[in-house]
Amino acid sequence: MQIKVLKGMKDVLPSQSARWRAVEREMRKAALLAGYREIRTPVVEHTELFARSAGESSDVVRKEMYTFLDKGERSISLKPESTAGTVRALLESGLYAQALPLKLYYTNAPHFRYEAPQSGRLREHHQFGMECFGASQPSADAELITLVINLLSSFGLKNLSVRINSIGCPNCRPAYQQHFKEYLNQRKDQLCSTCKERLEVNPMRTLDCKDHNCKEALHDAPVMMDYLCDECKEHFELLKRYLEEIGISYSVDPRIVRGLDYYTKTVFEIITTTPTGELTVCGGGRYDGLVEELGGPAIPAVGFGMGVERVLMLLDALEPDECKLQIEDEVPELFVACLNKALSIHAFSLVKSLRDAGFRADMDHQGRSLKAQFKYADKLGAKYIVIIGDDELAKGVVKLRDMSTKEEQEIPLENAASAMKKIIQ
RNA sequence: GUGGGUAUAGUUCAGUGGUAGAGUGCCAGGUUGUGGCCCUGGAGGUCGUGGGUUCGAGCCCCACUACUCACCCCA
């Protein structure tokens, strides 16, 4: 019985891995330009970390975590998001005591959510994310949004839209929630069953319910935007001004409520349209209370997570000329073919010296006919073939064939690599 | 968790209850020193699994499993 990959998990095969590296390379470059440095946190954490950060009532914690008991009967979970782990590392290392703001990023970090996989939604997916600690000003929020838009645009992606909202802070949110809850209670009968539950646990999540009746019931519901305290209001207004200043277009969507409980003030999503509908590529926001919540000092923070698979999905949908991503060339430059098996020993040592000289070079390992070696080299996409034959060897040369022009020339076997370097470049 | 679709060669997929098929890929030959195109041949199948109906099941029925899409939610 053949063993197959687990549900919701995907192998990245050679045909795709160069794209992964290219995307990752650009992400690192963008992060570095803005002063962010890489952090790598473990894939597993104490379950409690996620319960305390994302919130016991969040869907992620309630039903989507990969949770296990380890051999010491500790409850551990594969990380469903990276902010909690980053904050944990920040506190544990004492990094927060150094110069603030502290800017951190991670890329191609595996994340896990135990749910039904479908298009653009896997159980294991990878995120690029950035977190900025100690920056209370909305310029930090704007910096992140700008960076994401720039990055995605640089790949050639279009149809990106930025949606922002403010969900207030502990000063202004309770009053809003009070009013909102009263509003909901009056319309309790119209709500779907999950929203009835939400009403008790986390009423604000009813705002992004897709159920038709719920939408109807909520269409003139009070929104947080109208209840923001002066500080939150000013913060939000400034964020908009920063975005406008550099020409990032956005829309204010008072219904964005993120799935994680730790957010305060700014929340944002970067959305794109696909043939099947809208797809969230990136989501994030401000979490001014989380560091303190997890036992540290009161340090404001803002960050986002971006789904790498989703970015790649969008890139795959682009026409070849629209995709601006530079993919690393992996095809061999030289394939060393030999006329018969006895000559393989010469091919072997030539390949070695070609590789030492920095060429991507390969040879046959199956004892195949010359013709078969040519076919193989052609399938690999080799740019040149080096032919070693008895006649050539007697003369102390090898033949170099340009696969696209079919031109052949003889190269002295001695110092062949440096001679080829001149010809090929 | 709920609902729909699908399951046949490495892969993409045809297949009307009566001999297991094609495209593509792979290997070889046509060409004893030369790739792409062409021609020929070859290898490759427990027809998802288990039951049932039938003289006979890839096909009909039931169950299960896997995959996939959608809902919910999200990256």
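Just so you know, these numbers come straight off a predicted model, no measurement behind them.
If you check residues 329-355 of chain A against RNA chain B, the residues with a heavy atom closer than 4.0 Å are A:Leu339, listed by number.
Checked by atom type, the side-chain pair A:Glu131/A:Tyr287 shows a donor-acceptor distance below 3.5 Å. In this structure, a donor-acceptor pair under 3.5 Å is present between the side chains of A:Glu81 and A:Tyr262. No hydrogens or angles considered: a donor-acceptor pair under 3.5 Å links the side chains of A:Asn108 and A:Glu24.
Contact annotation: A:Lys379 reaches the phosphate of B:C26 (side-chain N/O to OP1 or OP2, under 4.0 Å). Distances shown here put a side-chain N or O of A:Arg368 below 4.0 Å from the OP1 or OP2 atom of B:C27.
For residues 303-324 of chain A, the ring-ring contact (aromatic ring centres under 6.0 Å, His included) pairs, not counting sequence neighbours, are A:Phe128-A:Phe304.
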Taking only nitrogen or oxygen atoms into account, show me every contact under 3.5 Å that the protein makes with nucleotides 63-67 of chain B, one pair per line with its distance.
{"residue": "B:C67", "atom": "OP2", "partner": "A:Lys7", "partner atom": "NZ", "Å": "3.0"}

Produce the list of close N/O pairs, under 3.5 Å, pairing protein atoms with atoms of nucleotides 40-47 of chain B; give distances to one decimal.
none

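Residue ring and base: A:His125 counts as stacked with B:A75 (centre distance below 5.5 Å, interplanar angle below 30°).
For A:Arg113, counting side-chain heavy atoms from C-beta on, the closest listed nucleotide (B:A75, B:A70, B:U34) is B:A75. Across B:C69, B:C73, B:G33, the shortest atom-to-atom separation from the side chain of A:Gln118 is found for B:C69.
Checked by atom type and distance alone, the side chain of A:Gln177 never pairs as donor or acceptor with a backbone atom of A:Met204 at under 3.5 Å.
Looking at A:Glu64, its side chain has no donor and acceptor atom pair within 3.5 Å of the base of B:A75. At a cut-off of 3.5 angstrom, the base of B:U34 holds at least one donor-acceptor pair with the side chain of A:Glu408. For A:Arg121 against B:C73, a side-chain N or O and a base N or O form a donor-acceptor pair under 3.5 Å.
In terms of position along RNA chain B, the nucleotide closest to A:Ser404 lies nearer the 5' end than the nucleotide closest to the other residue of the pair A:His126 and A:Ser404. Comparing A:Leu370 and A:Lys63 along RNA chain B, the residue whose closest nucleotide (by nearest heavy atom) sits nearer the 5' end is A:Leu370.
Comment: A:Glu333 does not engage A:Lys383 in a salt bridge, judged by the lack of any side-chain N to carboxylate O separation of less than 4.0 angstrom. The pair A:Glu26-A:Lys29 meets the salt-bridge criterion, since a charged nitrogen lies less than 4.0 angstrom from a carboxylate oxygen. Between A:Lys103 and A:Glu143 there is a salt bridge, with a side-chain nitrogen of the basic residue lying less than 4.0 Å from a carboxylate oxygen of the acidic one. Between A:Glu45 and A:Lys79, no side-chain nitrogen of the basic residue sits less than 4.0 Å from a carboxylate oxygen of the acidic one, so the salt-bridge criterion is not met. Under 4.0 Å is where a charged nitrogen must lie from a carboxylate oxygen, and between A:Lys240 and A:Asp141 no such pair does.
A gap of 12 Å separates the P atoms of B:A57 and B:G52, to the nearest Å.
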**Message:** I'd like to know whether A:Asp378 forms a salt bridge (charged side-chain N to carboxylate O under 4.0 Å, His left out) with A:Lys375, so could you lay out the CA-CA distance, the side-chain angles of the two residues, the decisive distance to 0.1 Å, and finally the verdict.
**Reply:** CA-CA 5 Å; A:Asp378 186 54; A:Lys375 278 193 174 179; over 6 Å; no
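In this structure, A:Gln118 places its CD atom where more than 12 heavy-atom neighbours from other residues, nucleotides or ligands lie under 6.0 Å away.
Ring centroids of A:Tyr227 and A:Tyr176 are separated by less than 6.0 Å, placing the two rings close together.
Consecutive Watson-Crick or G-U pairing (both distances under 3.5 Å) extending over three or more pairs maps onto RNA chain B as B:1-7 with B:65-71, B:10-13 with B:21-24, B:26-30 with B:38-42, B:48-52 with B:60-64.
Every residue meeting the side-chain contact (heavy atoms from CB on, under 4.5 Å) condition with A:Asp321, not counting sequence neighbours, appears here in chain and number order: A:Glu319.
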